[in-house]
Amino acid sequence: MQRLALISERLERLRGRLVLFAPVFLGCGIGWYFALRTEPDALVWTLIGLGTVFAGVLGWRTGRGPLPGLALISWATAVVLAGMMIAGLRSQMVAGPVLDFRYYGPVEGRVVAVDRSGSEAVRLTLDRVRLDRVNPWKLPNRIRISLHGDTQWIAPEPGMRVALTAHLSGPEGPVEPGGFDFRRMAWFRGIGAVGYSRVPAMVLAPPARELPVERLRAAISASVRTAIPGEAGAFAAAITTGDRSAMGADTVQALRDSNLAHLLAISGLHMGLLVGFVFSSLRMGMALVPGLGTVTDIRRIAAIAALVAGAFYLSLSGGAVSTERAFIMVAVMMGGIIAGRRALTLRAVAVAALVLLVLQPESLVEAGFQMSFAATIALVAVFGALREFEGRRLPRWARPVFAVVLSSLVAGLATAPFSAGIFNRVVHYGLVANVVAVPVMGSLVMPLAVIAALLAPLGLSWIALDLMRWPIEWVLWVAKATAQLPGAVDAVVVPPDWVLPVVALGGLALVLLRGGGRVLGAVAVIAALAGWTQATRPDVLVSPTGGLVGILGSDGRGLSKDRGETFAAENWLANDGDMADQETGFARGIFAGEVGARVARVGGMTVAHLTGRDVAGRIPAVCEIADLVVVSVDPGVAADCPVLTPEILRRTGSVAVWIEGGEMRVVTEAEVSGQRPWTMAGRRKADTRHNDDGVAPLDLLIGSTRSGASSRVGTAQ
């Protein structure tokens, strides 16, 4: 009883900080939901709901008893279960039709967004879609099409109705088991089909009065690019309206390699700079009016105006997740000023996280959420701890310099594990680039953007935009110069699935707990980073179509083709911590043989990749020497060795193979992803022959095997 009393007493000390822990437990529940391999059925959801209510009532009763601190355990359980329910409800709310076959034919739709693909092709997102000979109730709510044909005949704008001929299919799964799942992202964004067109698009109807904000955004973006030529104008359009469609691939890569890519995303930095500039300018202007400060609280008036400016910026930017997150943050900050409280505290950050997790629980598993909140929490905690130190010991002129250097260092360290784990890159000179570029963004670029907006009704925005060009040119020069420094970027291997969650929880413990809790948090972070160094990669990777095979060798992964399946090749190499391109991977010579019949040795076994015509005729000879054969075309005949065909891969998804002690351990994407709404949507009934865990049976994965081969092939359990 004494031990329970001691635990209750320690937990009771946290009662005043419950709001700080609420988003942590809510996030744990949301993360638990996304980690499931099978979607809960109605009975399970009912039990979870009852468990939530029971835990909440138990916490209320315990809080009124002799051990009130123990109520926090029940409340934490209730919040975790509530997080699962919120994520499940959101998944059902966004559910929509997903294309379940490969479509080629006419497409009509209304343009709702224009951007660029990774290959720099103009990309349209359409709604109100029409497809030839597809029932209306099977039409996706939205589709995304890259225009690879001649685009000189069309200048796409939001609200415009277009027609084109396109190849479409449902969103594809990860290119390797456990990799980035585009299907899940598309599911929560309402995109039910993706594809491309090689013929020009036609305008069926010009933009109507619909989508006024989107059309205003497009008009402002075009006006900015007209006033500021070149990459500087494209950068200005990106930071004012969120339109990156004019940004060149080389410029974007330079910004990434210098750790300045965050300047492109309309997120906390831009929203904070804009709202801060409006707030400070209005406050100073009103303070100059004699007697105004004595009759009204000018801080509250400035905060309200700044909040309105932030809301307009949010709507103008297209409402991206990162911008919504940033607006929630500044709304909480300005709300604190209006309420007469300190603007930026850990409580404000916690409230912002709670709002976002309730409204968009899927954002928890996105890079933007993880990196922005990691940076914000670290900055608030560090500057809060150093507030008195900075005020006493630093001269006034040195404080801005100290703030810029420290904020860049803290934000860089806080986001480094997530940036490296998600993007497989470590930028070594990012601190220097940010110290040089961010002050220019804050003191010149964003204020001039606000002035340009104020002058626009008078037709004088060009004055501010012309001045804005030069600081932007400086930022771009810094990015390119930094990216070209020797050793500016290193690649890192993708971490095991558990590493980043443990780093996040350990970091939160360092900030939120005290005493022994902080020690445990530090130990968790160190243990996770140490576990990262032990990450292993598959010996063999097979793309979802069977069109590419990668074999891990002593000098890196060798690829079976030097072109085609580029997305898979780039992701495999990046996840290996390899900065090579596809041509380099092929040139490593791990695969030998003639075109269409490549063979490689790995771990004492032989893997063959057959492409092109007459696959069926070549299989018997290859089976005599190969332990595993991958074909890019369904052969239509039985084989005497393990063969991965496109038909099998449609059911299993991408495949990874580890060779251990002369045996192959096979892991499929279907096994890892399981049966979730975004994995099952668009999957034809003929392709759903899986057991309850979403694991493809061995006979579907490998097919018939020759005598002795089956003893060397197994699936991961």
Side-chain angles (χ1 to χ4, degrees), residues 19 23 212-214 216-217 220 239-242 265-360 372-373 376-377 379-380 383-384 387 403 407 441-458 460-461 464:
V19 68
V213 174
E214 288 79 2
L216 175 62
R217 178 187 179 215
I220 293 176
I239 64 172
T240 53
T241 66
I266 299 180
S267 55
L269 175 66
H270 304 75
M271 187 69 74
L273 291 174
L274 180 136
V275 171
F277 176 74
V278 172
F279 173 78
S280 301
S281 300
L282 287 177
R283 184 183 177 190
M284 291 177 61
M286 288 187 290
L288 296 177
V289 179
L292 183 60
T294 60
V295 298
T296 185
D297 189 343
I298 59 176
R299 294 178 73 252
R300 293 183 178 180
I301 297 176
I304 293 173
L307 192 57
V308 172
F312 176 75
Y313 194 31
L314 170 65
S315 62
L316 183 64
S317 65
V321 174
S322 59
T323 317
E324 292 177 351
R325 178 173 56 250
F327 176 73
I328 292 172
M329 283 291 300
V330 299
V332 173
M333 292 168 56
M334 293 298 107
I337 294 176
I338 294 171
R341 300 190 177 185
R342 197 192 311 167
L344 189 57
T345 65
L346 285 177
R347 291 178 184 273
V349 179
V351 170
L354 275 174
V355 172
L356 190 62
L357 289 175
V358 170
L359 296 179
Q360 295 179 335
S372 64
F373 275 101
T376 304
I377 292 170
L379 287 170
V380 173
F383 275 92
R387 186 175 294 110
S407 60
M441 284 289 296
S443 60
L444 294 175
V445 176
M446 294 307 296
L448 286 170
V450 175
I451 295 172
L454 295 175
L455 294 176
L458 303 176
L460 300 176
S461 61

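Residue Ile328 holds its CD1 atom at 9.0 Å from CG of Leu314, rounded to the nearest 0.5 Å. Taking CG of Leu455 as the reference point, atom CG of Leu448 lies at 10.0 Å (rounded to 0.5 Å). A distance of 6.5 Å separates CD1 in Ile239 from OH in Tyr313, rounded to the nearest 0.5 Å. Taking CZ of Phe312 as the start and CG of Leu307 as the end, the distance is 14.5 Å to the nearest 0.5 Å. Here the straight-line distance linking atom OG of Ser461 with atom CG of Leu454 works out to 11.0 Å at 0.5 Å rounding. Atom CZ of Arg347 is separated from atom CG of Leu354 by 12.0 Å, given to the nearest 0.5 angstrom.
Heavy atoms only, all atoms of each residue included: Leu346 and Val380 are closest at N-CG1, 3.6 Å. Residue Ile298 comes nearest to Met286 through the heavy atom pair O-CE, 3.3 Å, listed as atom of the first residue, atom of the second, then distance. Of all heavy-atom pairs between Val278 and Ala306, the closest is CG1-CA, 3.8 Å. Smallest separation of non-hydrogen atoms from Ile337 and Phe279: CD1-CZ, 4.0 Å. Contact between Ile338 and Ala303 at its shortest, heavy atoms only, is CG1-CB, 3.8 Å. The nearest pair of heavy atoms linking Pro447 to Met441 is CD-O, 4.0 Å.
Residues meeting the side chain to side chain contact (heavy atoms under 4.5 Å, CB included) test with Ser443, sequence neighbours left out: none. In terms of the ring-ring contact (aromatic ring centres under 6.0 Å, His included) criterion, residue partners of Phe373 (sequence neighbours excluded) are, by chain and number, Phe369.
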Please step through side-chain contact (heavy atoms from CB on, under 4.5 Å) for the pair Leu282 and Ile301, ending with a clear verdict. CA-CA 8 Å; Leu282 287 177; Ile301 297 176; over 6 Å; no
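Without hydrogens or angle criteria, Arg283 side chain to Arg299 main chain gives no donor-acceptor distance under 3.5 Å.
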